[in-house]
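Here's the structure, in structure tokens; my notes come after.
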Amino acid sequence: MAAMTGQPLPRLGRLGRVGPASLTLLCALFFVLPLLAMARFSFQNVPMIRLGRSTLLENWSASSSLDAFGEAEFRRSLGLSVRLALGTVALTLSLLLPTTLWVHLRLPKARAFVEFLTLLPYVIPSIALVAGILPLKPHARWFLNSNYSLIPFYAVLALPFTYRSLDAGIKALDVKTLVDASRSLGAGWGTTLRRVIIPNVRTSIISASFLTAAVVLGEYTMARVLLKQTLPAFMEQYQDREPQGGMGLALSSMLLTTLLFALLGVLTRPRRRTRTPRLEIS
Amino acid sequence: MTALVFAGVRKTFGSTIALESLDLQLAPGEFVSLLGPSGCGKTTALRVAAGFEKPDLGAVSVNDRDITHLPAHKRNMGMVFQSYSLFPNLTVHDNVEFGMRTRKVESAERKRRANEVLELVQLGPLADRFPHQLSGGQQQRVALARALAVRPEVLLLDEPLSALDAKVRGSLRDEIRRLQLSLGITTLFVTHDQEEALAISDRVGVMSNGRLEQLGSPRDVYRQPSSAFVARFVGSMNELPATVSDTHTAVVSGVTIPIAANPGAAGVANGAAVRLLIRPEDMHLDAGTADAGTAEHRHLPVLPGTIVLNSFQGATTVVSVQLDGMETPVAVHTSGSESTGLSGDRVAVRIDATRMVIEPV
Amino acid sequence: MVPLLAFLGLFLIVPAISVFQRALIANDGSFGFGALGKAFSGQNFDAFVFSVRLSVQAALVGVLVGTLLAYAATTITRPKWIRSLVTSFSGVAANLGGIPLAFAFVALLGRQGLLTKIMSAAGFELYGGSFTLDSTWGLTTVYSYFNIPLMVLVTLPAIDGLRVSWREACANLGGTSWTYWRRIGIPVLLPSLLGGFLLLFANSFSAYATAAAISQKSLIVPLRIGFYLRGDISANEDQLGFSLAAWMILIMTVSMGCYWMLRKRAERWQQ
């Protein structure tokens, strides 16, 4: 009840409120303005020199963006990126979920080590990673020639985010007790995983998947050097040809990412009922 | 002279009334506890005294000085919080010195006083440790030392034992009282644990919904609760459903009991349904054996019943008795050295009616 | 654990080793640190200087604004949705980057940019001086778009960890707001702030896509690596490219190592 007072800012007065509020507002502007600029460029066919109060409402059309969406190459690269995203999510989850579980259940002391491992992708950034891949090309030509060879590397790039997500979710459960209870009721490992663990870390799994998807859909560096035609790679090339259309694509990409995360926020909102883990094995 | 006075203090948060109108005076050196469930206003009262909340109405004064509008950092009060109040980046020693540094006490004197007060709480050897290296009980002792180091006029304690293990709670509780007595410092102690409040206070103020229900010595509050709320909150109570037959008697299970002088009797009308609240130790078992207690209780009203189970607890035995015509069994305390009957035996339970509290249903 | 180790080993460690291998072993098979040394001279040295300056600048801006924004989000209690809005948006924006971000800022602050035009109408010529979008300040502005949210995400837990009772105990013991921040608030936050700085530094240093889309000039180390890899600079100099990459890995190792230690320290106090 005493906490009803909120944050105690005893003698801050009006100045103390104005500061944080105006800062937040300024930041909001900083983050929204580029999007507005993109929208204006892609949808209004008026060159900047001629832009003024009188010409502000002239020539607005979505045609250049629609053309971009119509490009066959766009559809191909989008398709590839989406498939890569799905593949990376699948690989990440099938690799990390059992590992994280195992570490929590059997090797609690190794947690620090695994956390350290998940920082390694930061140490070897994508440009360095792809530099290291090139010399290996002759040895694994059959693998690296495929577009899907990007998948494991993307999984590596997304590792820090995905691990943190899953780890947080599993940490919030008392996994050991759940697993013990489940097994004492006769469930094998597979059933336990399917019916006990996964439903209760659903939020983390969704979160990890969305993060991975966002990383994959936006990854440019490795795709460029390895000459795979993913969506960002296509966007950059298209922009040279059709500036307006390219800008429209970029704007859609940013809006799509924002939407993805908004969706994620909705899906992972804490439910009103208490978050006691559910144990249903019938 | 009064050490700490709340005069008509009122505090609301939006539409919730945290304190209706608190009048409370602490004499110098007195240890007063504010006791009540969460939301009763006890913590708000403490925070008003400390300066973290401004009262809507009323005044607070210390040693006859009005401090109502004095900002928190200018009041000379020591406060111990429920938990985690030690500054994590400072050693125990630096934590204890903190209040003196803000008061610009010079270095040698600071050190001396810090060591002195750490000795008082018996944590001298741990002066160079950091809070995260201490146990919960040790942390609270450091917090106490830190509050006392500035030689405050009043000591405020906000449920300092609630976050601790049961074992630590008991010993630290007594330590706080011993310290307070030896230093003679006026203390206001807030807790929801009635056992704590009764054990160490000079006076106890039982609060509910922003109001001070009863203020008195621990014995008074326990033995003469002024209302059903206080009766229930402090210690445990048995409930006997009854009906008021005329304004001076209540009928329970066919037995008529006078209730004119009992707390809570004033407001009830004829025919009203009430609950008679009575403490387990104010009920006595009369099994017809030659027990020493039976003779003096022979004049008390009697209710027949059957023993459900005995729970031996060392100094006492708690006998659960199903009284005839009632749904819930009552608990009766008898001395642990006496033998009681077995489950299923018929007994007569004598009620000390002068100790009952009447509660309307 | 084994599958994870094997996976990382194959797809992360092996390429990393091959970077060092190609950096230290020349095309004729000779082993030497010469290429590493050469990678630190001439135009490449300029690139290192530029990259470090850019990363430090971007990190400082990110730390400053990000911390203040995170603090603002915790202090604004009405309306209640501000805090979750800031958090979720930070989650989004920290991952927005690369190509679209570059385009966005070209549209906003490029020579034909919207804001450039607005400022010019108000009398301020953005491109009147030496400013370009691919200068350190230009790129700092762009990088701030993902650095500030990243800092918010990293710092919010630390600011939440500043317990109310510390603030109150400080006041009770006679300290003002200033006393609190000076002796308790900032010292406790410091490991997180420094850690955040290192994270942003590492993030900014290794960023490739955004800068690549903004500028054709190979001013920063990642871009030069890219150019070497594509054979744009000189076909026989690719050992230099690998040396640059090796240097990059070393710099990142040091940064992330310090970050790791600071993180551990901060966690100790967050109990």
Side-chain angles (χ1 to χ4, degrees), chain A residues 6-10 20-21 23-24 27 31 33-38 40-41 48 51 95 99 102-103 107 110 116-117 119-129 131-136 152-153 156 211 214-215 218 220-221 225 232 235-236 239 246-247 250 253-254 257-258 261-262 265, chain C residues 1 3-4 7-8 11-12 14-16 18-19 22 65 68-69 71-77 82 86 88-89 91-93 95-100 103-105 107-108 112-115 117 145 148 164 167-168 171 202 206 208-209 213 222 225-226 229 241-242 245 248-249 252-253 256 260:
Chain A
Q7 291 296 325
L9 295 172
L23 178 70
T24 315
C27 287
F31 287 103
L33 278 179
L35 298 174
L36 291 177
M38 286 173 99
R40 194 223 71 89
F41 186 86
M48 190 54 76
L51 184 68
L95 186 65
T99 309
W102 195 254
V103 168
L107 302 168
F116 161 76
L117 282 182
L119 277 188
L120 284 182
Y122 277 119
V123 170
I124 304 173
S126 46
I127 186 70
L129 185 63
I133 295 173
L134 285 182
L136 302 173
F153 297 111
V156 169
L211 281 169
V215 168
Y220 172 76
T221 311
V225 175
M235 254 199 281
E236 206 243 351
Q239 228 269 354
M247 190 66 75
S253 162
M254 285 180 95
T257 315
T258 310
F261 277 91
Chain C
M1 264 259 286
L4 181 66
F7 177 77
L8 279 180
F11 293 104
L12 186 64
V14 164
S18 81
V19 166
R22 292 299 298 264
V65 181
L68 290 175
L69 186 58
Y71 185 68
T74 51
T75 55
I76 297 180
T77 45
I82 289 271
V86 170
S88 22
F89 181 75
V92 180
N95 283 297
L96 287 176
I99 303 295
F103 289 2
F105 270 90
L108 185 71
Q112 306 297 324
L114 183 64
L115 195 57
K117 172 93 182 193
Y145 203 86
I148 293 176
V164 171
R167 192 96 194 238
E168 293 184 339
S206 53
Y208 173 84
I225 298 179
L229 293 181
F242 289 105
M248 212 175 150
I249 294 180
M252 298 297 279
T253 310
M256 293 313 289
W260 178 248

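Just so it is clear, the structure is predicted and the values come from calculations on it, not from any experiment. All values below come from the heavy atoms of this structure, side chains included, with hydrogens, waters and symmetry mates left out. The sequence lines fix the lettering, A, B, ..., with proteins before strands; numbering per chain opens at 1.
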Count the heavy-atom pairs under 4.5 Å between each of [options] and chain C, then report the option with the highest count.
| options | value |
| --- | --- |
| A:V225, A:L119, A:V103 | A:L119 |
| A:A110, A:S126, A:A128 | A:A128 |
| A:V156, A:L33, A:I133 | A:V156 |
| A:L95, A:T99, A:T257 | A:L95 |

If I take atom [atom1] from residue [X] and atom [atom2] from residue [Y], how far apart are they, to the nearest 0.5 angstrom?
| X | Y | atom1 | atom2 | value |
| --- | --- | --- | --- | --- |
| C:M256 | A:I124 | CE | CD1 | 11.5 Å |
| C:F242 | A:L134 | CZ | CG | 6.0 Å |
| A:L120 | C:I249 | CG | CD1 | 11.0 Å |
| C:L108 | A:L35 | CG | CG | 9.5 Å |

Between [X] and [Y], which heavy-atom pair has the shortest distance, and what is it?
| X | Y | result |
| --- | --- | --- |
| C:F89 | A:F31 | CE2-CG, 3.4 Å |
| C:F103 | A:E236 | CZ-CA, 4.1 Å |
| A:A131 | C:V19 | C-CG2, 4.1 Å |
| A:P152 | C:F7 | O-CZ, 3.3 Å |

TODO: Quick one: list whatever passes side-chain contact (heavy atoms from CB on, under 4.5 Å) with C:S206, sequence neighbours left out.
DONE: A:P125, C:M248, C:M252

Go through [options] and name the one with the most non-hydrogen pairs under 4.5 angstrom from chain A.
| options | value |
| --- | --- |
| C:V86, C:I225, C:L115, C:L69 | C:L69 |
| C:P100, C:A202, C:A209 | C:P100 |
| C:T253, C:L12, C:L4 | C:L12 |

Open item on the list: Counting only heavy atoms from other residues, nucleotides and ligands, does the tally under 6.0 Å from CH2 of C:W260 exceed 12?
Closed with: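 It does: C:W260 CH2 has more than 12 such atoms within range.
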
Open item on the list: Can you tell me which portion of A:L117 sits under 4.5 Å from chain C's heavy atoms? Options are side chain, backbone, both or neither.
Closed with: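 For A:L117, backbone and side chain are both near chain C.
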
- [ ] Please look at A:S253 and chain C and tell me whether the side chain, the backbone, both or neither of the residue comes under 4.5 angstrom of a heavy atom of that chain.
- [x]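 The side chain, not the backbone.
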
TODO: Check for a donor-acceptor pair, side chain of C:S18 on one end and backbone N or O of A:G132 on the other, with a separation under 3.5 Å.
DONE: yes

